[in-house]
Amino acid sequence: MDEYNFKKIERKWQEKWNDQSFMENGYSIRGKKYYSLTMFSYPSGSNLHIGHWYNYGPADTFSRFKRMLGYDVFQPQGFDAFGLPAENFAIKHNIHPAKSTQNNIDTMKSQLDSIGALYDWHKTVTTSQKEYYRWTQWLFLELYKNNLAYRKKATVNWDPIDQTVLANEQVLADGTSERSGALVEQKPLEQWFFKITNYADELLSFDQIDWPKKTIRMQEHWIGKSVGATLKFNIDKFDYNIEVFTTRPDTLFGATYLVLAPEHPLVNKITTDSQKDDILSYVKEISKKNELQRTDLNKDKSGIFTGSYAINPINGKNIPIWIGDYVLAGYGSGAIMAVPGHDERDYEFARKYKLSIVQVVDGPDVDIDNEAYCKDGIVINSDFLNGLSTKDAKIKIIEHLEKKNIGKSKIQFKLKDWLISRQRYWGTPIPIVYDPEGNPHPVPDEHLPWELPDDVEYKPKGTSPLGTSNELIDRTEKIFGKGWKPEIDTMDTFVCSSWYYLRYPDNKNTSSPFDKKIINDILPVDIYIGGAEHATMHLLYARFVTKALRDLGYLDFDEPFKKLYHQGTITKDGSKMSKSKGNTVSPDQFIEEYGSDTFRCYLMFMGPFDEGGDWNDKGIKGIYRFLNKLINICNKPNTDTSELKFQKIIHKTTKGVTADLKKIKFNTAISKIMSCLNELTSANSLSLKEKHILIKLISPFAPHLAEELWEELNDKNISIFNHFWPEHDENLALDDTITIAIQVNGKLRGNVEVEKDKDKDSIIELSKQNKNVSKFLDGKSIIKEIYVPSKLVNIVVK
RNA sequence: GCCGAGGUGGUGAAAUUGGUAGACACGCCAGAUUUAGGAUCUGGUGCUCUUUGGGCGUGAAGGUUCGAUUCCUUUCCUCGGUACCA
């Protein structure tokens, strides 16, 4: 090759790879399936950013490697095309979202081509197309018919900017919307939910999957299982009772007051007249505060006495009932029994309001005058529980409570059902209609897809845009009868993405979402590569949907993604790239200057794939030099047989690169090839055999250049990716001589080069003779001689 | 606070059953080539000293060991996640 004309080469091979007949030429399917998936993207209309490249480029390198190892690699790509940005864009520019989305997809697709990834484009999906959302609607109806989708009035997270409801997962810790940044409000509305809580326990089992530990931890934490008991407290002078959940029933004798969440329904009913004013103003004050402000109260809990007393069921004592902001309405029953002696929060509250603290657990480092004792120990001051360990006391008291019918053991989850309705336009319509009495009915199959109407007023005004569509209303009445009304909410886009990986393999099926046999053959996904930010949303929803469909008989596996890998984040000057910070780096100028192969290699060379790194403009040059070096080496004259030392270098490199690639260690794999090329520069000539190996080693990293060199030096019409990955010859990969390090008292004093099978004694003898070593031995007595085979000798002297 | 990951040259980083710390690359220095610059090539490049050699060095302080980036204890810092879940 004369010069590295990457523009020409890259354009040429991107076209050829899109030609299915070329890619099938010489390719025999080798029977081992490999489903390699990256998280599909939202078609935004602007160019690909570094994040896309850092996800898709390395993932493609791994897929190509797997293909060359003989796997039948399935690597699809598609578009998560419903969602707010398209709708907001439509509002702003007055373009129909369907149109702008399609434009964006076209741009995005050609952009994706520039990465040069081997995508099975004939298996693509676009979630906003009716050919796809028809089956998202099917999914909804299947769940609905099987009691896994339901409607209820709920206090929900309302985003006042986007004018829609958000899932809990979309509300950030500070109480703002993940999307719009608005402070989220609480609003009671009729909403659709998926019953993900039915699967809470099974979702906690990660036995079958190879996922990053931190992601598993996050899901565990999100699901939040805790084991304890619920118990009922009667209220003195009232006919109500308060139910609480506790993980420490063993400390019931130490419960000295109850606390209700300010929103608890009994608050109004049990507040005594003397406390009414205080309680009302407190509740009012709390309700004005948003989530952020309430969390900020962290350090300073507040509360008010209701004036009423509950009766501790275990000892009959009257204990005051308070309301307090540290009790959450949304967890458990919204009420707690406070055991200040053995709970930090209750302790703090009790101290502040001078409530009594009773110690009921004893342990080695108890200091009840200064802090709560929250550890296990021996139960005291608790009548029949005295002397038991807290563990045994739990069992015993639950038995007792159950017998007396005042409590029972209970497992509580933090996980809530998945709220899927959205008051927005650009999403999958919920295929439900209401009869004149207001009862919901599924839209029958023959009317699916239940199409998204066109004649809507997009502008958000607090009710769903679909409500403005005359067509939808007419359609509903025409099909179902006068007085029938359509559901006007659409689905959360996470519903679309919860099953797209099931649709790829059978994307053109018009009679079902997918063929069971096809799916069972190719799923689960063997490797799923994407950002860690989806840990508790998409990845949890997808697991739920897979399990639900399994139980409904549509597929036979338990988990969608066998192996999960999170690529790291590429930062700029130490912080995340974002438009608002103005620190984004566009790949375009680097592609222009160095080409796509160089760019993607550089991303992989920067550091470990799962750690990401900080972007530096300068380093990319080294990769460009490296690829040019490869061209120079391939340009060297051909000989029949390469010199032995060069053969050895290449086999050693093959061994190392293969091992690194299997471990997804792209950075070290590339550095090994670099070292290899550095050594090969001194060769006057090389055989084609060695050149072929070299090109293959680089091919997953720089696929365009490799194809071009391959075409030049080998098969004219068969892609290098239809050939097998090279295997190294172990004998050639090993060195004949090895360098042994010589230490005296653990300090390096010299080296000695020996044949690889030299015996221990003669190596030690040779070491002692080393000039620099011997001077550290003079006049000393040798205490110990340590020999680490093929590594080092350590002589210990005194 | 809790959970997870991490801290190694001027920079990105290598180094795993504990065995030559800094591979590979950027940058920098010197040389070659060039009218010059750029590009390319060759050599050097952890710090330091009394430099054919030595001392120090993987956030800090201890410990185990013939030998520690690696194992143990204590501690500091950074990043990601989470946040009163009873």
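By convention in this document, chain letters (A, B, ...) are assigned in the order of the sequence lines, proteins followed by strands, and residues within each chain are numbered from 1. Just so we're clear, the structure is a prediction, and the values are computed from it rather than from any experiment.
Using Watson-Crick or G-U wobble geometry with both donor-acceptor distances under 3.5 Å, B/U45 finds its partner in B/G27. Shown here, B/U34 forms no base pair; nothing in the strands shown gives a Watson-Crick or G-U wobble contact with both key distances under 3.5 Å. Shown here, B/G62 forms a base pair with B/C72; the pair counts as Watson-Crick or G-U wobble because both key distances fall under 3.5 Å. Nucleotide B/U52 has no partner under the Watson-Crick or G-U criteria, as no pair reaches both atom distances under 3.5 Å. Pair assignment for B/U8 gives none, since no Watson-Crick or G-U wobble pairing has each distance under 3.5 Å.
For A/Y54 and A/F609, the ring centers are positioned less than 6.0 Å apart. Residues A/Y326 and A/F349 bring their aromatic ring centres within 6.0 Å. Between A/Y257 and A/F305, the gap from one ring centroid to the other reaches at least 6.0 Å.
Applying the ring pair (Phe, Tyr, Trp, His ring centres under 6.0 Å) test to A/F590 and every residue at least two apart in sequence or in another chain returns A/W615. Residues that satisfy the salt bridge (Lys or Arg N to Asp or Glu O under 4.0 Å) test with A/E592, not counting sequence neighbours, are A/K7.
The closest side-chain heavy-atom distance from A/I411 to A/S226 is not below 4.5 Å. A/R749 is not listed as a side-chain neighbour of A/Q743, based on a closest heavy-atom distance of 4.5 Å or more.
For the pair A/R543 and A/W211, the distance from NZ or CZ to the six-membered ring centre is under 6.0 Å and the angle to the ring normal is within 45 degrees.
Within 6.0 Å of NZ on A/K232 lie no more than 12 heavy atoms contributed by other residues, nucleotides or ligands.
When distances are taken from the side chain of A/K775 to each of B/C26, B/G53, B/U82, the shortest belongs to B/G53. The side chain of A/A741 sits closest to B/U20 out of B/C24, B/U20, B/G19.
Residue contacts shown for A/T681 are absent, as no nucleic acid heavy atom lies under 4.0 Å away.
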Residue pair A/L231, A/V244: steps toward the side chain to side chain contact (heavy atoms under 4.5 Å, CB included) verdict:
CA-CA 6 Å; A/L231 37 153; A/V244 303; 4.1 Å; yes
So which protein N/O to nucleotides 63-72 of chain B N/O distances come out below 3.5 Å?
from: B/C66; atom 1: O2; to: A/N794; atom 2: ND2; distance (Å): 2.4

Check nucleotides 56-58 of chain B against the protein and report each pair of N or O atoms closer than 3.5 Å, with its distance, or say if there are none.
from: B/C56; atom 1: OP2; to: A/K747; atom 2: NZ; distance (Å): 3.4

Show each protein N/O and nucleotides 39-41 of chain B N/O combination with a separation under 3.5 Å, one pair to a line.
from: B/A39; atom 1: OP1; to: A/K621; atom 2: NZ; distance (Å): 3.1
from: B/U40; atom 1: OP1; to: A/R625; atom 2: NE; distance (Å): 3.3

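Base orientation at B/G9 is syn, since its O4'-C1' glycosidic dihedral falls within 90° of 0.
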Using a cut-off of 4.0 Å between protein heavy atoms and nucleotide atoms, how would you tag nucleotides 3-14 of chain B 5' to 3' with B, S and -?
SSS------BSS
